[in-house]
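Since the model is a prediction, treat every value here as computed from it, not as a measurement. Just so it is clear: chains get the letters A, B, ... in the order the sequence lines come, proteins before strands, and each one is counted from 1.
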There are 2 protein chains.
Amino acid sequence: MSEAIGGVAAPAGGTRERIQSVALQLFAEQGYESTSMRQIAEQLGFTKAALYYHFASKEDIVRALIESMLGEVADLVEWTRGQQAGPELRREVLARWAAIMHDQGLRMFRFLGANYRLVRDIGGEPGQSGGMAAVVAELFAILTPPGASVEDQLRVRFALLIINMTGMAARDLDASEADILDAAARISTGLLPPGF
Amino acid sequence: MSEAIGGVAAPAGGTRERIQSVALQLFAEQGYESTSMRQIAEQLGFTKAALYYHFASKEDIVRALIESMLGEVADLVEWTRGQQAGPELRREVLARWAAIMHDQGLRMFRFLGANYRLVRDIGGEPGQSGGMAAVVAELFAILTPPGASVEDQLRVRFALLIINMTGMAARDLDASEADILDAAARISTGLLPPGF
DNA sequence: GTCTATAGGCCGATAGAC
DNA sequence: GTCTATCGGCCTATAGAC
(Lines give C-alpha, C1' and ligand atoms only; values in the text may rest on other atoms or scores of the structure.)
Protein backbone atom coordinates (compact mmCIF):
# COMPACT_ATOMS: atom_id res chain seq x y z
CA MET A 1 0.00 0.00 0.00
CA SER A 2 2.91 2.33 -0.57
CA GLU A 3 3.43 3.59 -4.09
CA ALA A 4 0.98 2.03 -6.52
CA ILE A 5 -2.59 1.80 -5.30
CA GLY A 6 -4.81 -0.97 -6.52
CA GLY A 7 -2.36 -2.25 -9.10
CA VAL A 8 -4.39 -0.96 -12.03
CA ALA A 9 -1.89 1.53 -13.38
CA ALA A 10 1.50 0.64 -14.85
CA PRO A 11 3.33 -1.30 -12.15
CA ALA A 12 6.26 1.03 -11.68
CA GLY A 13 6.11 0.66 -7.91
CA GLY A 14 7.75 -1.79 -5.55
CA THR A 15 8.47 -5.42 -6.32
CA ARG A 16 5.46 -6.59 -4.34
CA GLU A 17 3.15 -4.51 -6.51
CA ARG A 18 4.81 -5.72 -9.69
CA ILE A 19 4.34 -9.33 -8.62
CA GLN A 20 0.68 -8.68 -7.86
CA SER A 21 0.16 -7.05 -11.24
CA VAL A 22 1.69 -9.95 -13.17
CA ALA A 23 -0.12 -12.53 -11.05
CA LEU A 24 -3.46 -10.79 -11.57
CA GLN A 25 -2.93 -10.84 -15.31
CA LEU A 26 -1.96 -14.53 -15.44
CA PHE A 27 -4.65 -15.67 -12.99
CA ALA A 28 -7.21 -13.84 -15.11
CA GLU A 29 -6.00 -15.38 -18.38
CA GLN A 30 -5.30 -18.94 -17.30
CA GLY A 31 -6.86 -19.40 -13.89
CA TYR A 32 -5.18 -19.78 -10.52
CA GLU A 33 -4.55 -23.52 -10.66
CA SER A 34 -3.08 -23.40 -14.16
CA THR A 35 -0.62 -20.66 -13.28
CA SER A 36 2.64 -21.68 -11.60
CA MET A 37 4.98 -19.65 -9.44
CA ARG A 38 7.72 -20.32 -11.97
CA GLN A 39 5.60 -18.71 -14.70
CA ILE A 40 4.96 -15.59 -12.62
CA ALA A 41 8.64 -15.28 -11.78
CA GLU A 42 9.83 -15.71 -15.37
CA GLN A 43 7.49 -12.99 -16.57
CA LEU A 44 9.15 -10.68 -14.05
CA GLY A 45 12.67 -11.68 -15.03
CA PHE A 46 13.74 -13.51 -11.93
CA THR A 47 13.41 -16.94 -10.40
CA LYS A 48 10.66 -18.60 -8.47
CA ALA A 49 12.60 -18.60 -5.20
CA ALA A 50 12.70 -14.81 -5.16
CA LEU A 51 8.90 -14.76 -5.07
CA TYR A 52 8.98 -16.40 -1.67
CA TYR A 53 10.94 -13.50 -0.27
CA HIS A 54 7.96 -11.24 -0.99
CA PHE A 55 5.03 -13.61 -0.43
CA ALA A 56 4.80 -16.54 1.96
CA SER A 57 2.82 -18.70 -0.46
CA LYS A 58 0.91 -18.72 -3.71
CA GLU A 59 -2.36 -18.31 -1.87
CA ASP A 60 -0.88 -15.32 -0.08
CA ILE A 61 -0.67 -13.51 -3.44
CA VAL A 62 -4.37 -14.06 -4.02
CA ARG A 63 -5.20 -12.83 -0.55
CA ALA A 64 -3.30 -9.63 -1.22
CA LEU A 65 -5.11 -9.23 -4.54
CA ILE A 66 -8.59 -9.35 -3.08
CA GLU A 67 -7.82 -7.84 0.32
CA SER A 68 -8.81 -4.24 -0.37
CA MET A 69 -11.91 -5.24 -2.33
CA LEU A 70 -13.03 -7.64 0.37
CA GLY A 71 -12.63 -4.88 2.92
CA GLU A 72 -14.79 -2.52 0.91
CA VAL A 73 -17.54 -5.11 0.51
CA ALA A 74 -17.48 -5.87 4.24
CA ASP A 75 -17.80 -2.14 4.92
CA LEU A 76 -20.79 -2.01 2.59
CA VAL A 77 -22.52 -4.80 4.49
CA GLU A 78 -21.72 -3.08 7.77
CA TRP A 79 -23.15 0.21 6.49
CA THR A 80 -26.49 -1.36 5.58
CA ARG A 81 -27.04 -2.46 9.19
CA GLY A 82 -27.78 1.12 10.19
CA GLN A 83 -30.15 1.72 7.29
CA GLN A 84 -33.85 1.15 6.89
CA ALA A 85 -34.72 -1.75 4.60
CA GLY A 86 -36.65 -0.98 1.44
CA PRO A 87 -36.41 -0.39 -2.29
CA GLU A 88 -34.20 2.69 -1.95
CA LEU A 89 -31.69 0.82 0.17
CA ARG A 90 -31.61 -2.06 -2.30
CA ARG A 91 -30.87 0.18 -5.25
CA GLU A 92 -28.26 2.09 -3.28
CA VAL A 93 -26.54 -1.14 -2.23
CA LEU A 94 -26.39 -2.32 -5.83
CA ALA A 95 -24.95 1.02 -6.96
CA ARG A 96 -22.25 0.81 -4.29
CA TRP A 97 -21.48 -2.79 -5.25
CA ALA A 98 -20.99 -1.70 -8.85
CA ALA A 99 -18.83 1.22 -7.70
CA ILE A 100 -16.57 -1.09 -5.72
CA MET A 101 -16.12 -3.38 -8.69
CA HIS A 102 -15.67 -0.36 -10.93
CA ASP A 103 -12.73 0.76 -8.81
CA GLN A 104 -10.96 -2.53 -9.37
CA GLY A 105 -10.85 -2.30 -13.18
CA LEU A 106 -11.59 -4.81 -15.90
CA ARG A 107 -8.54 -6.96 -15.21
CA MET A 108 -9.81 -7.62 -11.72
CA PHE A 109 -13.22 -8.50 -13.18
CA ARG A 110 -11.67 -11.08 -15.45
CA PHE A 111 -9.76 -12.50 -12.52
CA LEU A 112 -12.95 -12.75 -10.47
CA GLY A 113 -14.90 -14.39 -13.26
CA ALA A 114 -12.17 -16.90 -14.01
CA ASN A 115 -11.60 -17.84 -10.36
CA TYR A 116 -15.06 -17.60 -8.89
CA ARG A 117 -14.77 -20.54 -6.49
CA LEU A 118 -11.31 -19.58 -5.29
CA VAL A 119 -12.35 -16.03 -4.40
CA ARG A 120 -15.60 -17.20 -2.86
CA ASP A 121 -13.92 -19.67 -0.53
CA ILE A 122 -10.75 -17.81 0.41
CA GLY A 123 -10.62 -16.45 3.92
CA GLY A 124 -13.60 -18.57 4.87
CA GLU A 125 -11.74 -21.16 6.92
CA PRO A 126 -9.95 -19.11 9.61
CA GLY A 127 -11.44 -18.29 12.98
CA GLN A 128 -12.89 -14.93 12.07
CA SER A 129 -15.99 -14.29 10.00
CA GLY A 130 -14.13 -13.42 6.79
CA GLY A 131 -14.65 -14.70 3.28
CA MET A 132 -16.33 -13.40 0.18
CA ALA A 133 -18.95 -16.16 0.46
CA ALA A 134 -20.27 -15.01 3.85
CA VAL A 135 -20.26 -11.36 2.87
CA VAL A 136 -22.06 -11.96 -0.42
CA ALA A 137 -24.64 -14.14 1.32
CA GLU A 138 -25.46 -11.17 3.55
CA LEU A 139 -25.86 -8.96 0.50
CA PHE A 140 -28.31 -11.50 -0.95
CA ALA A 141 -30.36 -11.28 2.21
CA ILE A 142 -30.39 -7.48 2.13
CA LEU A 143 -31.30 -7.24 -1.54
CA THR A 144 -33.96 -9.92 -1.61
CA PRO A 145 -37.46 -8.59 -0.85
CA PRO A 146 -39.36 -10.51 1.81
CA GLY A 147 -41.43 -13.32 0.35
CA ALA A 148 -39.71 -13.04 -3.01
CA SER A 149 -40.54 -15.61 -5.68
CA VAL A 150 -37.92 -17.95 -7.07
CA GLU A 151 -37.60 -15.69 -10.09
CA ASP A 152 -37.07 -12.60 -7.96
CA GLN A 153 -34.48 -14.36 -5.81
CA LEU A 154 -32.67 -15.31 -8.99
CA ARG A 155 -32.91 -11.74 -10.26
CA VAL A 156 -31.05 -10.47 -7.21
CA ARG A 157 -28.31 -13.06 -7.61
CA PHE A 158 -27.94 -12.36 -11.32
CA ALA A 159 -27.83 -8.60 -10.69
CA LEU A 160 -24.78 -9.06 -8.47
CA LEU A 161 -23.27 -11.81 -10.58
CA ILE A 162 -23.26 -10.06 -13.94
CA ILE A 163 -21.22 -7.23 -12.44
CA ASN A 164 -18.52 -9.81 -11.74
CA MET A 165 -18.97 -11.45 -15.12
CA THR A 166 -18.57 -8.24 -17.11
CA GLY A 167 -14.92 -8.91 -17.82
CA MET A 168 -15.80 -12.22 -19.38
CA ALA A 169 -18.78 -10.96 -21.34
CA ALA A 170 -17.05 -7.88 -22.71
CA ARG A 171 -13.94 -9.70 -23.94
CA ASP A 172 -14.52 -8.96 -27.62
CA LEU A 173 -16.33 -5.65 -27.29
CA ASP A 174 -14.91 -2.57 -28.97
CA ALA A 175 -15.57 0.07 -26.33
CA SER A 176 -13.82 1.91 -23.55
CA GLU A 177 -13.55 0.34 -20.13
CA ALA A 178 -15.64 3.13 -18.60
CA ASP A 179 -18.47 2.68 -21.13
CA ILE A 180 -18.54 -1.06 -20.55
CA LEU A 181 -18.63 -0.77 -16.78
CA ASP A 182 -21.35 1.90 -16.88
CA ALA A 183 -23.50 -0.18 -19.19
CA ALA A 184 -23.07 -3.22 -16.97
CA ALA A 185 -24.18 -1.24 -13.93
CA ARG A 186 -27.33 -0.05 -15.73
CA ILE A 187 -28.23 -3.56 -16.85
CA SER A 188 -27.63 -4.87 -13.36
CA THR A 189 -29.96 -2.30 -11.79
CA GLY A 190 -32.64 -3.17 -14.32
CA LEU A 191 -32.45 -6.79 -13.22
CA LEU A 192 -33.64 -6.09 -9.70
CA PRO A 193 -37.19 -7.36 -9.12
CA PRO A 194 -39.61 -4.78 -10.53
CA GLY A 195 -41.98 -3.07 -8.17
CA PHE A 196 -39.83 -3.47 -5.09
CA MET B 1 -24.56 -43.60 -25.85
CA SER B 2 -25.97 -46.99 -24.93
CA GLU B 3 -27.97 -47.24 -21.74
CA ALA B 4 -27.97 -43.98 -19.82
CA ILE B 5 -28.56 -40.86 -21.89
CA GLY B 6 -27.01 -37.60 -20.84
CA GLY B 7 -25.79 -38.88 -17.51
CA VAL B 8 -28.39 -36.95 -15.56
CA ALA B 9 -30.26 -39.88 -14.09
CA ALA B 10 -28.77 -42.38 -11.65
CA PRO B 11 -25.70 -43.81 -13.36
CA ALA B 12 -26.74 -47.44 -13.43
CA GLY B 13 -25.42 -47.85 -16.96
CA GLY B 14 -22.03 -48.85 -18.31
CA THR B 15 -18.74 -48.03 -16.69
CA ARG B 16 -18.08 -45.21 -19.15
CA GLU B 17 -21.30 -43.49 -18.12
CA ARG B 18 -20.54 -43.96 -14.43
CA ILE B 19 -17.12 -42.39 -14.90
CA GLN B 20 -18.65 -39.44 -16.71
CA SER B 21 -21.22 -38.94 -13.99
CA VAL B 22 -18.64 -38.90 -11.20
CA ALA B 23 -16.29 -36.68 -13.20
CA LEU B 24 -19.07 -34.19 -13.93
CA GLN B 25 -19.88 -33.97 -10.24
CA LEU B 26 -16.25 -33.45 -9.17
CA PHE B 27 -15.41 -31.04 -11.97
CA ALA B 28 -18.46 -28.99 -11.01
CA GLU B 29 -17.57 -28.93 -7.30
CA GLN B 30 -13.82 -28.41 -7.47
CA GLY B 31 -12.99 -27.45 -11.03
CA TYR B 32 -11.18 -29.46 -13.68
CA GLU B 33 -7.61 -28.61 -12.67
CA SER B 34 -8.20 -29.34 -8.99
CA THR B 35 -9.68 -32.77 -9.68
CA SER B 36 -7.28 -35.67 -10.19
CA MET B 37 -7.80 -38.95 -11.99
CA ARG B 38 -6.99 -40.74 -8.73
CA GLN B 39 -9.87 -38.91 -7.02
CA ILE B 40 -12.33 -39.88 -9.75
CA ALA B 41 -11.20 -43.50 -9.61
CA GLU B 42 -11.43 -43.75 -5.82
CA GLN B 43 -14.98 -42.41 -5.83
CA LEU B 44 -15.84 -45.24 -8.22
CA GLY B 45 -14.10 -47.88 -6.15
CA PHE B 46 -11.26 -48.77 -8.45
CA THR B 47 -7.84 -47.48 -9.33
CA LYS B 48 -6.70 -44.69 -11.57
CA ALA B 49 -5.17 -47.04 -14.13
CA ALA B 50 -8.57 -48.56 -14.86
CA LEU B 51 -9.79 -45.15 -15.98
CA TYR B 52 -7.34 -45.20 -18.86
CA TYR B 53 -8.96 -48.33 -20.19
CA HIS B 54 -12.16 -46.36 -20.75
CA PHE B 55 -10.78 -42.91 -21.62
CA ALA B 56 -7.54 -42.03 -23.37
CA SER B 57 -6.88 -38.99 -21.21
CA LYS B 58 -8.36 -36.65 -18.65
CA GLU B 59 -9.26 -34.16 -21.35
CA ASP B 60 -11.00 -36.95 -23.21
CA ILE B 61 -13.48 -37.21 -20.34
CA VAL B 62 -14.32 -33.53 -20.67
CA ARG B 63 -14.76 -33.87 -24.40
CA ALA B 64 -17.24 -36.68 -23.86
CA LEU B 65 -19.09 -34.58 -21.30
CA ILE B 66 -19.69 -31.63 -23.59
CA GLU B 67 -19.88 -33.54 -26.87
CA SER B 68 -23.63 -33.87 -27.16
CA MET B 69 -24.27 -30.33 -25.96
CA LEU B 70 -21.73 -28.89 -28.37
CA GLY B 71 -23.41 -30.77 -31.20
CA GLU B 72 -26.80 -29.32 -30.30
CA VAL B 73 -25.45 -25.78 -30.18
CA ALA B 74 -23.74 -26.23 -33.54
CA ASP B 75 -27.04 -27.48 -34.96
CA LEU B 76 -28.75 -24.39 -33.59
CA VAL B 77 -26.28 -22.11 -35.34
CA GLU B 78 -26.69 -24.09 -38.56
CA TRP B 79 -30.47 -23.80 -38.33
CA THR B 80 -30.38 -20.02 -38.07
CA ARG B 81 -28.58 -19.74 -41.41
CA GLY B 82 -31.78 -20.61 -43.24
CA GLN B 83 -33.89 -18.16 -41.23
CA GLN B 84 -34.70 -14.51 -41.74
CA ALA B 85 -32.95 -12.22 -39.30
CA GLY B 86 -35.12 -10.18 -36.95
CA PRO B 87 -36.58 -9.95 -33.45
CA GLU B 88 -38.57 -13.19 -33.76
CA LEU B 89 -35.48 -15.13 -34.75
CA ARG B 90 -33.52 -13.64 -31.87
CA ARG B 91 -36.12 -14.65 -29.30
CA GLU B 92 -36.46 -18.09 -30.82
CA VAL B 93 -32.70 -18.63 -30.75
CA LEU B 94 -32.55 -17.68 -27.09
CA ALA B 95 -35.43 -20.02 -26.27
CA ARG B 96 -33.63 -22.88 -28.01
CA TRP B 97 -30.39 -22.05 -26.22
CA ALA B 98 -32.19 -22.25 -22.90
CA ALA B 99 -33.82 -25.50 -23.95
CA ILE B 100 -30.46 -27.05 -24.79
CA MET B 101 -29.05 -26.04 -21.44
CA HIS B 102 -32.26 -27.16 -19.76
CA ASP B 103 -31.76 -30.65 -21.18
CA GLN B 104 -28.36 -30.91 -19.56
CA GLY B 105 -29.56 -30.41 -15.99
CA LEU B 106 -28.26 -28.28 -13.14
CA ARG B 107 -25.14 -30.38 -12.56
CA MET B 108 -24.01 -29.60 -16.09
CA PHE B 109 -24.71 -25.90 -15.44
CA ARG B 110 -22.48 -25.94 -12.41
CA PHE B 111 -19.78 -27.67 -14.39
CA LEU B 112 -20.01 -25.05 -17.13
CA GLY B 113 -19.91 -22.15 -14.70
CA ALA B 114 -16.96 -23.56 -12.81
CA ASN B 115 -14.94 -24.39 -15.94
CA TYR B 116 -15.85 -21.60 -18.31
CA ARG B 117 -12.43 -21.19 -19.93
CA LEU B 118 -11.88 -24.91 -20.32
CA VAL B 119 -15.19 -25.47 -22.10
CA ARG B 120 -14.75 -22.36 -24.20
CA ASP B 121 -11.34 -23.38 -25.49
CA ILE B 122 -11.75 -27.11 -25.86
CA GLY B 123 -11.97 -28.39 -29.41
CA GLY B 124 -10.79 -25.05 -30.69
CA GLU B 125 -7.25 -26.08 -31.60
CA PRO B 126 -7.73 -28.98 -34.05
CA GLY B 127 -8.02 -28.52 -37.78
CA GLN B 128 -11.78 -28.37 -37.94
CA SER B 129 -13.96 -25.43 -36.97
CA GLY B 130 -15.03 -26.87 -33.62
CA GLY B 131 -15.02 -25.31 -30.20
CA MET B 132 -17.60 -23.69 -27.99
CA ALA B 133 -15.90 -20.32 -28.47
CA ALA B 134 -16.44 -20.18 -32.23
CA VAL B 135 -20.00 -21.41 -31.99
CA VAL B 136 -20.95 -18.94 -29.25
CA ALA B 137 -19.33 -16.07 -31.17
CA GLU B 138 -21.70 -16.87 -34.06
CA LEU B 139 -24.64 -16.79 -31.68
CA PHE B 140 -23.55 -13.34 -30.49
CA ALA B 141 -23.55 -12.14 -34.08
CA ILE B 142 -27.03 -13.54 -34.73
CA LEU B 143 -28.54 -12.13 -31.55
CA THR B 144 -26.99 -8.69 -31.72
CA PRO B 145 -29.12 -6.18 -33.62
CA PRO B 146 -27.28 -4.20 -36.31
CA GLY B 147 -25.80 -0.99 -34.95
CA ALA B 148 -26.43 -2.05 -31.36
CA SER B 149 -25.09 0.17 -28.58
CA VAL B 150 -22.50 -1.08 -26.12
CA GLU B 151 -25.26 -1.66 -23.59
CA ASP B 152 -27.30 -3.71 -26.05
CA GLN B 153 -24.28 -5.77 -27.07
CA LEU B 154 -23.69 -6.48 -23.40
CA ARG B 155 -27.36 -7.39 -22.92
CA VAL B 156 -27.07 -10.11 -25.54
CA ARG B 157 -23.95 -11.54 -23.95
CA PHE B 158 -25.46 -11.47 -20.46
CA ALA B 159 -28.65 -13.11 -21.73
CA LEU B 160 -26.65 -16.11 -22.92
CA LEU B 161 -24.24 -16.05 -20.01
CA ILE B 162 -26.70 -16.10 -17.15
CA ILE B 163 -28.21 -19.28 -18.53
CA ASN B 164 -24.82 -20.90 -18.02
CA MET B 165 -24.40 -19.27 -14.62
CA THR B 166 -27.71 -20.46 -13.25
CA GLY B 167 -26.14 -23.41 -11.46
CA MET B 168 -23.82 -21.07 -9.59
CA ALA B 169 -26.45 -18.46 -8.80
CA ALA B 170 -29.04 -20.94 -7.58
CA ARG B 171 -26.74 -22.85 -5.24
CA ASP B 172 -28.58 -21.90 -2.06
CA LEU B 173 -32.09 -21.57 -3.48
CA ASP B 174 -34.85 -23.72 -2.07
CA ALA B 175 -36.75 -24.62 -5.24
CA SER B 176 -37.10 -27.42 -7.75
CA GLU B 177 -34.67 -27.69 -10.63
CA ALA B 178 -37.46 -27.14 -13.13
CA ASP B 179 -38.66 -23.95 -11.42
CA ILE B 180 -35.14 -22.56 -11.31
CA LEU B 181 -34.43 -23.28 -14.95
CA ASP B 182 -37.75 -21.82 -16.07
CA ALA B 183 -37.18 -18.65 -14.08
CA ALA B 184 -33.69 -18.29 -15.51
CA ALA B 185 -35.04 -18.60 -19.05
CA ARG B 186 -37.62 -15.87 -18.40
CA ILE B 187 -35.03 -13.52 -16.94
CA SER B 188 -32.71 -14.19 -19.84
CA THR B 189 -35.38 -13.35 -22.42
CA GLY B 190 -36.13 -10.13 -20.59
CA LEU B 191 -32.50 -9.13 -20.91
CA LEU B 192 -32.56 -8.97 -24.70
CA PRO B 193 -32.42 -5.37 -25.97
CA PRO B 194 -35.93 -3.91 -25.74
CA GLY B 195 -37.63 -2.84 -28.93
CA PHE B 196 -35.77 -5.26 -31.17
C1' DG C 1 -11.44 -54.86 -17.03
C1' DT C 2 -8.97 -54.12 -13.14
C1' DC C 3 -4.72 -54.49 -10.79
C1' DT C 4 0.44 -53.18 -9.10
C1' DA C 5 4.32 -50.72 -10.17
C1' DT C 6 6.68 -47.18 -12.13
C1' DA C 7 8.26 -43.68 -15.44
C1' DG C 8 8.84 -38.86 -16.03
C1' DG C 9 7.62 -34.31 -15.05
C1' DC C 10 6.05 -30.20 -12.80
C1' DC C 11 4.48 -28.40 -8.56
C1' DG C 12 4.97 -25.49 -4.09
C1' DA C 13 8.19 -24.53 -0.88
C1' DT C 14 12.82 -24.30 1.64
C1' DA C 15 18.03 -24.01 2.61
C1' DG C 16 21.81 -21.58 2.24
C1' DA C 17 25.36 -18.98 -0.62
C1' DC C 18 26.22 -14.38 -2.30
C1' DG D 1 16.88 -9.44 -2.77
C1' DT D 2 18.06 -12.74 -5.86
C1' DC D 3 20.42 -16.85 -6.87
C1' DT D 4 21.31 -22.30 -7.35
C1' DA D 5 20.10 -26.59 -5.73
C1' DT D 6 17.10 -29.59 -3.83
C1' DC D 7 13.19 -31.91 -1.21
C1' DG D 8 8.98 -34.34 -1.03
C1' DG D 9 4.77 -34.82 -3.15
C1' DC D 10 1.26 -35.33 -6.49
C1' DC D 11 0.24 -35.39 -11.19
C1' DT D 12 -0.86 -37.73 -16.00
C1' DA D 13 0.03 -41.59 -18.31
C1' DT D 14 1.92 -46.31 -19.49
C1' DA D 15 3.63 -51.31 -19.07
C1' DG D 16 2.54 -55.59 -18.11
C1' DA D 17 0.54 -59.27 -14.88
C1' DC D 18 -3.85 -61.51 -13.92
Does a side-chain heavy-atom distance below 4.5 Å link [X] with [Y]?
X         : Y        : result
Arg110(B) : Phe27(B) : no
Leu112(B) : Met69(B) : yes
Tyr32(B)  : Glu59(B) : yes

* Assign a letter to each nucleotide of nucleotides 3-8 of chain C from its 5' end: B, base within under 4.0 Å of a protein heavy atom; S, sugar-phosphate only; -, no contact. => BB----
Which whole-number value in Å describes the distance from [X] [atom1] to [N] [atom2]?
X        : N       : atom1 : atom2 : answer
Phe55(B) : dG1(C)  : CZ    : C1'   : 14 Å
Ile40(A) : dC10(C) : CD1   : C1'   : 15 Å
Arg16(B) : dT2(C)  : CZ    : P     : 14 Å
Glu42(B) : dT2(C)  : CD    : P     : 16 Å
Leu26(B) : dC11(D) : CG    : C1'   : 16 Å
His54(B) : dG1(C)  : NE2   : P     : 6 Å
Lys58(A) : dC11(C) : NZ    : P     : 9 Å

* Asked: Taking the six-membered ring for Trp, are His54(A) and Phe46(A) parallel (under 30°), tilted (30 to 60°) or perpendicular (over 60°)?
  ->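 Taking Phe46(A) first and then His54(A), their aromatic rings lie parallel (interplane angle under 30°).
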* Basic-acidic side-chain contact under 4.0 Å: Arg107(B), Glu29(B) ->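 Looking at Glu29(B) together with Arg107(B), the answer is no, because their closest N to O distance does not fall below 4.0 Å.
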* Answer yes or no: are there more than 12 heavy-atom neighbours, outside Asp172(B) itself, under 6.0 Å from its atom CG? =>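 Result for CG/Asp172(B): enclosed.
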* Asked: Between Gln39(B) and Gln30(B), do the side chains contain an N or O donor and an N or O acceptor separated by less than 3.5 Å?
  ->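 Yes, side-chain donor-acceptor contact under 3.5 Å.
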* Using only heavy-atom distances, determine whether the side chains of Glu33(A) and Ser34(B) contain a donor-acceptor pair under 3.5 Å. =>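 Yes - a donor-acceptor pair under 3.5 Å links their side chains.
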* Any side-chain N or O of Tyr52(B) less than 4.0 Å from the OP1 or OP2 oxygen of dT14(D)? ->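 The answer is no; no side-chain N or O of Tyr52(B) sits under 4.0 Å from OP1 or OP2.
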* Asked: So does Tyr53(B) get a side-chain nitrogen or oxygen closer than 4.0 Å to the phosphate oxygens (OP1/OP2) of dT2(C)?
  ->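 No, no such contact exists.
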* Hey, does the Lys NZ or Arg CZ of Lys58(B) hover above the aromatic six-ring of Tyr52(B), less than 6.0 Å from the centre and inside 45° of the axis? ->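 No, Lys58(B) and Tyr52(B) do not form such a contact.
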* DNA chain C contacts among residues 30-39 of chain A, heavy-atom distance under 4.0 Å ->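 Listed by number, they are Thr35(A), Ser36(A), Met37(A), Arg38(A).
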